[in-house]
Amino acid sequence: MKPLLQNKPLTILIWFCAISLFILISILLFTPSKIPELDTGISLQKTTDSDPTNVNHLVFGIVSTGNSWPNRKKYVKLWWNKETKGCVFVDNLPPEGNDTDDSVPPLCVSEDTSKFHYTCKGGLRSAIRVARVVKEIVGLNNNSNVRWYVFGDDDTIFFPENLVKTLSKYDHRLWYYVGAYSENYDMSYIFGFGMAFGGGGFAISASLANVLSKVFDSCIERYSHHFGSDARVVSCIAELGVGLTYEPGFHQVDLRGNIFGLLAAHPLSLTLSLHHPELVEPIFPQMTASNSLQHLFEAANVDSQRILQQTVCYDKQFSRTISVSWGYAVQVFQSNVLLPDVLRVRETFKPWREDLQFPGVYTFSTTKIHPDPCERPAIFYLDNVSSDKDGVISNYTKSFRDCFKDNTSLKNLEVIKVVTKKLDLNIKQLQSPRRQCCDVFHSNSSQLMEIAIRECRYEEMIYMH
C-alpha cells in the first residue's frame, strides 16, 4: 500500500476542504452583519411560567374619583375577591380613606397631570389622569408574574373567570390590545371602530403595557385635542403599530332604557363586562339596579362561562321556538321562528342620545319589537340556580304578559326548568366557538317545561321542525 502523502488526489482534496473551512469560519467570526437584527421588544426565550393563565396573572386598573367611589364600590364588590389584584385610581382619597377589607381593591391616588396640555373644548382634562392609569399601574406591578392588565371604570362590572378564559386564547408575550367598540353606531363612528371603549373595559398584554408605559407621557402630549382617555390610549398604541383585537364580550352599553334585548341575544362569546348600570333600567323587573346585578351573579358564581349564553331549541309538540339566555331569561315564541331571526337583538332599548346623526343605528343586527304584545315572546326570568355532582339546574318564572290570546299550553306554563352541565371551554372551543343545542321535555304538569342543554352532535343543526 502506498503512503498517504503519495496519494496526491486525496491529499489535495483534504487540504482544499481544510482551507475552505478555515475561510468560512473567518468570515463568520470577523465579518460584521450587514442586516441588523429587528428588535420587536418580544422575548423569544422559553418562559418558565408555562402554567395556564389564571386570575393571579391579571392586574386591574379601575378608574374612579374620591367623590364617586363611596357610591360606586358596590359594583366592584360584585366581582372582586381576595385573589384579584389591582388598584382603584382616584384623584383624591374619600373622607373615609382607604378600605381595609379585601372585598374591594385598594385605592391609589393618581399622579399630578397639571403639566400636560388639554385643548379639547367641552371636554374634561381629567381624561389625562384616567388615560395615565395604563402607565401608573405598570409602575406599581412591574413583575414577571403579570400577564395582562385590565382597565375599566368604577361602574364596569367584570366577569373575571371569563376574562381569564378569553385572554388565555392569546399569547401574553406578544403585543395585544383587546376590547370592543360601542354598541352605538354614532359613537363608534366618531371615536373609531378600532378603539376599545374604556367603560366596557379592555385588556393590554403585559409585554405591550411595559413598552407603552415608557413612551406614554411623550405620546400623550401629541393628543391634547382628544376628548377622552380611551382615545389617548388607542392613539399611543397605534403609534407602536398595534391594532385592536375585537372581543364582543366587552359591553360598553351605550344604550338607554331596557337592555333586555341585548342580554337575551348575547353574541357567541363569553360575557366579559357590563357598563352603565345606573343609566339603564334594572335588568330584572321589580328590582333595583344593584339587586338585579347581584341576582345575575348568583348564576354567574355557579357557572360563569355559561352566563347569558344563548341556546335555541324547537318544541316539536307545540311548534314553538324557545331561546334560553342562561342565568337570565327564557323566551318562548308561540310559533316557529327561523334561527337567524331569533339571534337578532330585539330593540327593547332606546338610543344613547336622540341628537346624534343616526340615533337608532347600532353596531349589531337588530329587529323591532312587535307592536302587538301577543306577537311577542313570553318571558320567563331567572328565579334560582343550584348545582350538584349531576349538573346545574336553573329555574325561570313567567313575567307579566299582557295578552289574552295565548294558546292553552303557553297560558298555563309558569316555570321553565333548565338542566345542564357546568361549562368549561378549552382553548380550541374558545378559538372556534359553537352554539350548544337543547332538548324540550314536557312534564305531567302543564305549568312546567324542562329543557336540557348539551353539546351539539357533530353534524347536528338547529332548525325548525
*Donor-acceptor pair, S292 side chain versus F284 backbone, under 3.5 Å?*
yes

*Any side-chain heavy atom of Y223 within less than 4.5 Å of one from E239?*
yes

*Quick one: are K422 and S387 in side-chain contact, heavy atoms under 4.5 Å?*
no

*Is there side-chain contact between L423 and Q436, with at least one heavy-atom pair below 4.5 Å?*
yes

_So if I apply the side-chain hydrogen bond (donor to acceptor under 3.5 Å, both in side chains) rule between K165 and each of D424, N426, T53, which one comes out positive?_
D424

*Ignoring hydrogens and geometry, is there a side-chain-to-backbone donor-acceptor pair from T166 to L163 under 3.5 Å?*
no

*Consider only side-chain N and O atoms of R72 and S64, and report whether a donor and an acceptor are under 3.5 Å apart.*
no

*asked:* Testing the basics here: between F193 and L244, what is the closest heavy-atom pair and its distance to 0.1 Å?
replied: O-CD2, 3.8 Å

*Judged by atom type as modelled, is there a donor-acceptor pair below 3.5 Å linking the side chain of H276 to the main-chain atoms of V253?*
yes

*How about D153 and T156: does a side-chain donor come under 3.5 Å of a side-chain acceptor?*
no

*Establish, from distance only, whether the side-chain atoms of H275 and D155 form a donor-acceptor pair under 3.5 Å.*
yes

*Supply the atom-to-atom distance T288 OG1 to K74 NZ, rounded to the nearest 0.5 angstrom.*
7.5 Å

*Determine, step by step, whether F197 and Y181 satisfy the ring pair (Phe, Tyr, Trp, His ring centres under 6.0 Å) criterion, reporting the C-alpha distance in whole Å, the side-chain angles of both residues, the deciding distance to 0.1 Å, and the verdict.*
CA-CA 5 Å; F197 277 62; Y181 39 77; 7.9 Å; no

*Does a side chain donor of either Y170 or E247 reach within less than 3.5 Å of an acceptor in the other side chain?*
yes

*Hey, does the side chain of T271 reach the backbone of I307 with a donor-acceptor pair shorter than 3.5 angstrom?*
yes

*Taking atom types as modelled and ignoring hydrogens, do the side chains of D254 and Q252 form a donor-acceptor contact shorter than 3.5 angstrom?*
yes

*Do the rings of H251 and H266 sit parallel, tilted or perpendicular, given the 30° and 60° boundaries?*
perpendicular

*Indicate yes or no for a side-chain donor-acceptor contact from K398 to the backbone of L410 under 3.5 Å, with no hydrogens or angles considered.*
yes

_I'd like to check W69 versus D154 (side-chain heavy atoms, cut-off strictly below 4.5 Å). Are they in contact?_
yes

*Please confirm whether the backbone N or O of R306 pairs with a side-chain atom of Q309, one donor and one acceptor, at under 3.5 Å?*
no

_T348 (side chain) donor-acceptor with N258 (main chain) under 3.5 angstrom_ = yes

*Side-chain donor-acceptor pair under 3.5 Å between T366 and E347, yes or no?*
yes

_Under 3.5 Å: donor-acceptor pair, side chain of N395, backbone of D383_ = no

_Reference residue T321; test side-chain contact (heavy atoms from CB on, under 4.5 Å); the match among V332, L338, V337_ = V337

*Counting only N and O atoms by type, is there a donor-acceptor contact under 3.5 Å from the side chain of Y177 to the main-chain atoms of A196?*
yes

*Under 2.5 Å between the SG atoms of C236 and C219: is that the case?*
yes

